[in-house]
Structures are given as structure tokens and as C-alpha cells.
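Quick notes on the structure that follows.
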Amino acid sequence: MTAPSPDLTVAVLAGGKSSRMGSDKAFVRVRGRPLIEDVLEQMAGLGAETVLITNQPQAYRYLGVPLFGDVLPDVGALGGLYSALHHSTRARTLCVACDMPFVARPLLEHLIALSADCDAVVPRLRAGPAGGLEAEPFRAVYARAACLGPIRAALDAGRRRVISFFPDVRVRFVDEPEIERFDPDHRSFFNINTPEDLDRARQLAGA
């Protein structure tokens, strides 16, 4: 395990509505305890600080990490990313979603290492056999100073897609051949949206 990056904030985003799950995804149990606890443990030691972005601080206060709400409410996932960077006190921020139970730390450490030379390091996966490449913005690293302004400009212009600001910053994409050196099965990007996903996650965790 590498030493914590002194200029890195780890921001866990727990602001989704969990509408398809029917209950808060952060508190479903994959390994016998709330998922948010698993995620925080897996992120331990990566950065100089860890923060949680949530609009329900009372539910997460017991975790003992700094809690911050959305700076701009009701603007979706891009607003969550903006809030994470806004509240970060370090030059770079690793943003991770609370509903991804499997972490390949060597992959995250690789993304962090690459981030010294660009404004954002973003993995991309192919969407199906004939699909195009899709960015994975919540397993990614962002430079606070370079990205805050472009994200705010996108939001002010009514552009809500998380990738809306990418043309305005220097993005280093990490595609599948590079990802597979560290995470051959792409498990880092498995997320839990439905009860069926939760069942599958439990199977994978047991395996």
C-alpha cells in the first residue's frame, strides 16, 4: 500500500435518490454492514482527508468524517461533483460513488499518479459489444483549481451531464486495456442501483 497522497482529498458522494433500490443505497449490506462503511474502509489511506457529500448529514454523522451538503441543490450528479471539489481542501480530489462496493486500490493509485500532469483522470469503459466508450466520472481524479470554474459554468448554462465540462479541461482518459492491468474484471465499476444488483454484489463478495 502506498503512502497517502498529501495533496489529495477523497470525496465519497452519497447524494443519490436511490429510487430504483427503494431504500438508501449507502446503507444496504453487501458484506454484513452498511455499504458506506465498506467504501470508507476501502478508501482509507489514499488521501490526506476524506469527506462525504450528502444532504442527509444526520444519517451519516456516526461515521466521524466531515460531512458537506450540495452547494447548488437539485442540479444532479454534476452538482455533487461540484460540491466535492468546492469543499475539498487539497489540490486534487478523488471522487467516488457510495454505491460501488468493489475497489481495486492499485487502479485508484494509478489514477492518482497520473493526475499530476492533467486536470482530470477519468476511466472509460465500452458500453456493450458494439457500444461507444462511456466515462466513469465517479471513479476519477480532478484538479480542484482547474475544474471548479468549468463545472460551475456548465451548471450555470443548464448543462447537467457530468461530462459537460470535459471539453474545457485537460482530461486524461484511461481506457480498458490500461484499466485491465489493475482490474481485469472491471469490478471497480460495478454499482448497485436495484435489488438485483445487490444480490449480484453479495454473490461477488462471497466469491
Ion pair present between [X] and [Y], side-chain N to carboxylate O less than 4.0 angstrom?
{"X": "R33", "Y": "D38", "result": "yes"}
{"X": "R124", "Y": "D175", "result": "yes"}
{"X": "R172", "Y": "E178", "result": "yes"}
{"X": "D156", "Y": "R152", "result": "yes"}

Review point. With a cut-off of 6.0 Å (strictly less than), are more than 12 heavy atoms of other residues, nucleotides or ligands near CZ of R161?
Key: no
Exercise for review: Please report the shortest heavy-atom distance between I36 and C98, naming the atom on each side.
Suggested key: CD1-CB, 4.0 Å
Under 4.5 Å between any side-chain heavy atoms of [X] and [Y], yes or no?
{"X": "F165", "Y": "C147", "value": "yes"}
{"X": "L35", "Y": "M100", "value": "no"}
{"X": "H86", "Y": "F68", "value": "no"}

Check your understanding: Is it true that the side chains of S115 and R92 contain a donor and an acceptor less than 3.5 Å apart?
Key -> yes
Practice item. Check whether the side chains of T194 and E196 place a donor and an acceptor atom closer than 3.5 Å, and report yes or no. Key: yes
Check your understanding: Is the centre of the F138 ring less than 6.0 Å from the centre of the F189 ring?
Key -> no
Practice item. In sequence, state the C-alpha distance, the side-chain angles, and the governing distance for Y142 and Y82, and then conclude on ring-ring contact (aromatic ring centres under 6.0 Å, His included). Key: CA-CA 10 Å; Y142 303 91; Y82 180 77; over 10 Å; no
